[in-house]
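Hydrogens, waters and symmetry mates are skipped; everything else that's a heavy atom, side chains included, is used. Throughout, residue positions are numbered sequentially from 1 according to the sequence presented. Keep in mind that what you see is a predicted model, and the values were worked out from it rather than measured.
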Amino acid sequence: MRSMYFTEEHEAFRQSFKIFLQKEVIPNVDKWEKEGFIDKEVFKKFGEMGYLGLNYPEEFGGLNLDLFYTVVFLEELQKVNSGGFAAAIWAHTYLAMTHLNAEGSPKIKENYLIPSITGEKVGCLCISEPFGGSDVAGMRTTATKKGDTYILNGSKTFITNGIYSDYLVVAAKTNPSLGNKGMSIFVVDRESVGLSSTQLVKLGWKASDTAEIAFDNVVVPANHLLGEENKGFSYIMQHFALERIVMGVNAHARAEYALEYAIQYMSERTAFGKTIDKFQALRHKVADMASEVEMCKEFNYSIINRLDKSQYVVKEASMSKLMSTKIADEVIYSCLQMLGGYGYMEDYPMARLLRDSRLGPIGGGTSEILREIIAKIIIDKKEYKPIT
Ligand SMILES: Cc1cc2nc3c(=O)[nH]c(=O)nc-3n(C[C@H](O)[C@H](O)[C@H](O)COP(=O)(O)OP(=O)(O)OC[C@H]3O[C@@H](n4cnc5c(N)ncnc54)[C@H](O)[C@@H]3O)c2cc1C
């Protein structure tokens, strides 16, 4: 057993999910990395197996399982070694769908959440804008009420699944003069007139179709508002805890993958008449890295355990993402060094891992912003409260 949090059922799920990835994903990853997007049909295959609804209610086709199944899912996705592929899947499942489930009306759940769980519809979450991502409250996209519609104008950027998603979960100002108290969330159909997207070229996450999106007088039915008008900022903040712990788990999993690979490589590579895993300088480095990764893992599991019991873990989730992404970057950088020149070659996994991992401290709340949140909680005694 990997940890006290996992049962035999979790481990059986891990084994069957690994087999699925081996068959449906791993043979295609290099092609998807080259093409810049993944084959959309793979979502349906994930959906058929129930993987997109692990933590969602059974009435919408989900499996209503505890969050440790999600942990297994995220960990194994990272071990495919395509941050872009993993992001396409988890951005749909844990960014876009979270809002549909928490704030969607019965009609929205029927039309968007159910087909998202089956993989027939793919979603994305649009918060960041060209003029600023960290300052969520400063966003400029507007949604102006007109009869029984809203008219959307503005733009979003760096959106994962921004090209091929079927619907977009979009944050916009419904009352710009109220700042963060004047923001709302909408579901917008891909086919909407006036919506356009442009794929962006990136350092890593190559298999993910990151895009800039423009809204030019896009008409959105009023019943596509998620939850209540002007409550969007609280909804975003509410879901940040799950998003950030997801990114913390992703980070410890890719660091663990890098370390396992490096240890295996070191046991085979020889220099000066012995395998390089006999050099004390490298052995101590491995010992340090393994200790750091293990600490992140156990911390992340303990936060997942609390989140699963509906505890409010905004501080701990911020700490998880801050430290796990930092340690993952450092570990992967050092593991690449263990491979010498081969670490720098595309035929070996470290080059892609290094590129993909670099996004960890940026996407979904930069490390600087996380430090701000943590500092406000522990120094200023600021209390972030759940929505009641
Ligand atoms: C590949 C990729 C995928 C992404 N996917 C999505 C997605 O699906 N949906 C989505 O909405 N967004 C997505 N993002 C956007 C991501 O969340 C933002 O890039 C991130 O929040 C930072 O925003 P920014 O890039 O505008 O940087 P800025 O906000 O302009 O920040 C620039 C720098 O200033 C620092 N900074 C800003 N404010 C402060 C402060 N108060 N104190 C100290 N330092 C500060 C930042 O930490 C950063 O180092 C994605 C980004 C990338 C690169």
Handout entry: Polar side chain donor-acceptor pair, Ser357 to Asp329, under 3.5 angstrom
Key = yes

Practice task
For residues Leu200 and Ala211, report the shortest heavy-atom separation together with the two atoms involved.
Solution key: CD1-C, 3.9 Å

Practice task
Please examine the side chains of Leu359 and Lys202, heavy atoms only from C-beta on, and report whether any two atoms are closer than 4.5 Å.
Solution key: no

Exercise for the section: Please round to the nearest 0.5 Å and tell me the distance separating atom OG1 of Thr366 and atom CG of Leu322. Expected result: 9.5 Å

Handout entry: Glu243 versus His239, side-chain donor and acceptor atoms under 3.5 Å
Key = no

Exercise for the section: Would you please say whether a donor-acceptor pair under 3.5 Å links the side chains of Glu268 and Gln264? Expected result: yes

Practice task
For the residue pair Glu212 and Ser155, confirm or rule out a side-chain donor-acceptor distance under 3.5 Å.
Solution key: no

Exercise for the section: To the nearest 0.5 Å, tell me how far Cys296 SG sits from Lys321 NZ. Expected result: 13.0 Å

Problem - Under the side-chain contact (heavy atoms from CB on, under 4.5 Å) test, residues paired with Phe60 that sit two or more places apart - result: Pro57, Asn101, Lys109, Leu113, Ile114, Ile117

Problem - Side-chain ion pair, Lys40 and Asp166, N-O less than 4.0 Å - result: yes

Handout entry: Whether Asn300 side chain and Gly248 backbone form a donor-acceptor pair below 3.5 Å
Key = yes

Practice task
Grab the two heavy atoms, one from Gly360 and one from Arg254, that are nearest each other, plus how far apart they are.
Solution key: CA-NH2, 3.8 Å

Problem - Smallest separation among heavy atoms of Asn230 and Ser184, with atom names - result: N-OG, 2.7 Å

Practice task
Look at the side chain of Ser16 and the backbone N and O of Phe13, then say whether any donor-acceptor pair between them is shorter than 3.5 Å.
Solution key: yes

Problem - CA sep, side-chain torsions, deciding dist, call: Thr142, Asn153, side-chain hydrogen bond (donor to acceptor under 3.5 Å, both in side chains) - result: CA-CA 5 Å; Thr142 55; Asn153 278 294; 5.0 Å; no

Exercise for the section: Would you check if the distance from the ring center of Tyr164 to the ring center of His92 is below 6.0 Å? Expected result: no

Problem - Check: His252/Glu75 side-chain N/O donor and acceptor closer than 3.5 Å - result: yes

Exercise for the section: Taking the six-membered ring for Trp and the full ring for Phe, Tyr or His, determine whether the centres of His224 and Tyr112 are under 6.0 Å apart. Expected result: yes

Exercise for the section: Please confirm whether the backbone N or O of Gly204 pairs with a side-chain atom of Asp356, one donor and one acceptor, at under 3.5 Å? Expected result: no

Exercise for the section: Might you point out which heavy atoms bring Ile213 and Ser197 nearest each other, and give the distance in Å? Expected result: CD1-CB, 4.1 Å

Exercise for the section: Answer with yes or no after comparing the ring centroid distance for Phe20 and Phe46 against a 6.0 Å cut-off, counting only values under it. Expected result: yes

Exercise for the section: Indicate yes or no for a side-chain donor-acceptor contact from Lys274 to the backbone of Ala271 under 3.5 Å, with no hydrogens or angles considered. Expected result: no

Handout entry: Check: Ser105/Asn223 side-chain N/O donor and acceptor closer than 3.5 Å
Key = no

Handout entry: Reported CZ-to-NZ distance for the pair Phe17 and Lys79, which is rounded to 0.5 angstrom
Key = 12.5 Å

Handout entry: Pair Arg352 + Asp30: basic N to acidic O under 4.0 Å
Key = yes

Practice task
Report yes if the side chains of Val187 and Leu226 come closer than 4.5 Å at any heavy-atom pair, otherwise no.
Solution key: yes

Problem - Val331 backbone acceptor or donor facing Glu292 side chain under 3.5 Å - result: no

Exercise for the section: Please name the pair of heavy atoms, one in Met345 and one in Ala351, separated by the smallest distance, quoted to 0.1 Å. Expected result: O-CB, 4.0 Å

Problem - Test applied, side-chain contact (heavy atoms from CB on, under 4.5 Å); reference residue, Tyr150; option that passes from Val219, Val218, Thr174 - result: Thr174

Handout entry: Side-chain heavy atoms of Glu228 within contact of Tyr235, under 4.5 Å
Key = yes

Handout entry: For Tyr344 against Leu336, the heavy-atom pair lying closest together
Key = N-CD2, 4.3 Å

Practice task
Using modelled atom types only, decide if a donor and an acceptor are shared between the side chain of Ser302 and the backbone of Phe299 within a distance under 3.5 Å.
Solution key: yes

Handout entry: Asn64 side-chain N/O to Glu58 backbone N/O, donor-acceptor pair under 3.5 Å
Key = no

Problem - Gap separating the CD1 atom of Ile362 from the CD1 atom of Ile369, nearest 0.5 angstrom - result: 13.0 Å

Practice task
Starting from the C-alpha separation in whole Å, work towards a yes-or-no answer on side chain to side chain contact (heavy atoms under 4.5 Å, CB included) for Met247 and Trp90.
Solution key: CA-CA 10 Å; Met247 293 179 204; Trp90 63 254; 3.8 Å; yes

Problem - From CD1 (Ile245) to CG (Leu67), nearest 0.5 Å - result: 9.5 Å

Problem - Validation row: Lys326, Ser367 side chains within 4.5 angstrom (heavy atoms) - result: no

Practice task
Keeping the roles fixed (side chain from Ser320, backbone from Glu316), state whether a donor-acceptor pair exists under 3.5 Å.
Solution key: no

Problem - Within-4.5 Å side-chain heavy-atom neighbours: Met338 and Met289 - result: yes

Practice task
Answer yes or no on whether Arg244 is positioned over the face of Phe240, meaning its NZ or CZ is under 6.0 Å from the six-membered ring centre and within 45° of the axis.
Solution key: yes

Exercise for the section: For the pair Tyr69 and His10, name the ring-plane relationship: parallel under 30°, tilted 30 to 60°, perpendicular over 60°. Expected result: tilted

Handout entry: Check: Phe233 main-chain N/O paired with Asn180 side-chain donor or acceptor under 3.5 Å
Key = no

Exercise for the section: Classify the ring geometry between Tyr261 and Tyr348 as parallel (under 30°), tilted (30 to 60°) or perpendicular (over 60°). Expected result: perpendicular

Practice task
Check for a donor-acceptor pair, side chain of Tyr56 on one end and backbone N or O of Thr93 on the other, with a separation under 3.5 Å.
Solution key: yes

Problem - Pair Phe6-Tyr301, ring-ring contact (aromatic ring centres under 6.0 Å, His included): steps then yes or no - result: CA-CA 10 Å; Phe6 295 95; Tyr301 292 162; 5.0 Å; yes

